[in-house]
Asker: 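Encoded as structure tokens, here's the structure I'll be asking about.
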Protein chains: 2
Amino acid sequence: MVKLRRSRVEPPPEVCPLGECMSLISGAWSPHVIWYLRDGPRRFGELRADIKGVSAKVLTARLRQLERDGVVIRREVASSPPTVEYSLSELGAELRPAIAAIVDVGHRLKRRN
Amino acid sequence: MVKLRRSRVEPPPEVCPLGECMSLISGAWSPHVIWYLRDGPRRFGELRADIKGVSAKVLTARLRQLERDGVVIRREVASSPPTVEYSLSELGAELRPAIAAIVDVGHRLKRRN
DNA sequence: CCGTATCCATGACGATACTG
DNA sequence: CAGTATCGTCATGGATACGG
């Protein structure tokens, strides 16, 4: 999650903790993870190949964070060699249209410029 | 909040530039700006008060970036003292439901835990 | 009122090497 | 295959002082 640093003066309790909510997709690669899980479960190595440029360390970190947040589900498959399958939780899947909307606006802004 | 850093190695062009699109709301405070502009124009000082904890420097930086990206419109009002009005562009306004959706999922995840 | 300038701290990220 | 360990870099952001 991206940390919201607080000013020295303690702010009044936020009515809407927007920062906390947006931290669901914080990090450079979290949106990519959600994006590439949109059509079903993917293994670690598949995600790593899908998301070009991400390092194993960071991908692990983002997957762990998304798992803690309840967005992503991690499932170990007892095989040889052992594999791990990641998928979107029910609520995690609801982030997909939001990301798609942002991407859509991004593309249209790009075309306009 | 979170920052979308691009890797130093340029990714191949055939990839969907998800990172570029998501950079529209990169930075810890960009979603807040869009959020607090949702009901119409706001002045710099109003935004600074709305978005508790943001420094003037960073708020300026994010507003400039959003302006360059075409999300936000900056309008100087010739008054005494001079004021500045920020508002969402037409395409920028389309980011609002996306952010609202993420916030909604965030709240529901929070309630579940 | 609306910023800019400076300095500094944090931590997200990449690269590489290594492990169960 | 699916990570972990370590090290270094650099963008983001906070605090404070100052400027138009």
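Atom set for the values below is all heavy atoms of this structure, side chains included, hydrogens, waters and symmetry mates excluded. Here is how names work: the chains are called A, B, and so on, in the same order as the sequence lines, proteins then strands, and each is numbered from 1.
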Asker: Side-chain N or O of A:Arg62 less than 4.0 angstrom from OP1 or OP2 on C:dA12?
Answerer: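 The answer is no; no side-chain N or O of A:Arg62 sits under 4.0 Å from OP1 or OP2.
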
Asker: Is it true that B:Arg43 and B:Glu85 make a salt bridge, defined as a side-chain N closer than 4.0 Å to a carboxylate O?
Answerer: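 Salt bridge flag = no for B:Glu85 with B:Arg43.
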
Asker: Could you tabulate the donor-acceptor pairs under 3.5 Å formed by side-chain atoms of residues 88-104 of chain A, not counting sequence neighbours?
Answerer:
from, atom 1, to, atom 2, distance (Å)
A:Ser89, OG, A:Gly70, O, 2.7
A:Ser89, OG, A:Val71, O, 3.1
A:Ser89, OG, A:Gly92, N, 2.9
A:Glu94, OE1, B:Arg108, NH1, 2.8
A:Glu94, OE2, B:Arg108, NH2, 3.0
A:Asp104, OD2, A:Arg108, NH1, 3.1

Asker: Any side-chain heavy atom of A:His107 sitting closer than 4.5 Å to one from B:Pro17?
Answerer: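 Yes; the side chains approach each other to less than 4.5 Å.
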
Asker: Can a donor-acceptor pair be found between the side chains of A:Arg62 and A:Gln65 at a distance below 3.5 Å?
Answerer: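 A:Gln65 and A:Arg62 do have a side-chain donor-acceptor pair below 3.5 Å.
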
Asker: In whole Å, what is the span from the NZ atom of B:Lys52 to the P atom of D:dG14?
Answerer: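 Going from B:Lys52 (NZ) to D:dG14 (P), I get 15 Å.
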
Asker: Just how far, in rounded Å, is C1' of C:dG3 from CZ of B:Arg48?
Answerer: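 Rounding to the nearest Å, CZ of B:Arg48 and C1' of C:dG3 are 10 Å apart.
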
Asker: What's touching nucleotides 1-3 of chain D from the protein side, N or O pairs under 3.5 Å?
Answerer:
from, atom 1, to, atom 2, distance (Å)
D:dA2, OP1, A:Val84, N, 3.1
D:dA2, OP2, A:Gly45, N, 3.0
D:dG3, OP1, A:Arg64, NH2, 3.2
D:dG3, OP1, A:Arg74, NH2, 2.7
D:dG3, OP2, A:Tyr86, OH, 2.7

Asker: How about B:Trp35 and B:His32: are their ring centres within less than 6.0 Å of each other?
Answerer: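 Centroid distance B:Trp35-B:His32: not below 6.0 Å, so no.
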
Asker: Report the distance from atom CG of A:Leu59 to atom P of C:dA15, rounded to the nearest whole Å.
Answerer: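 Atom CG in A:Leu59 sits about 14 Å away from atom P in C:dA15.
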
Asker: In terms of side-chain geometry, is the basic nitrogen of B:Arg48 or B:Glu46 positioned less than 4.0 Å from the acidic oxygen of its partner?
Answerer: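 Looking at B:Glu46 together with B:Arg48, the answer is no, because their closest N to O distance does not fall below 4.0 Å.
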
Asker: In whole angstroms, how far is the C1' atom of C:dC1 from the NZ atom of B:Lys57?
Answerer: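 Computing the B:Lys57:NZ to C:dC1:C1' distance gives 20 Å.
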
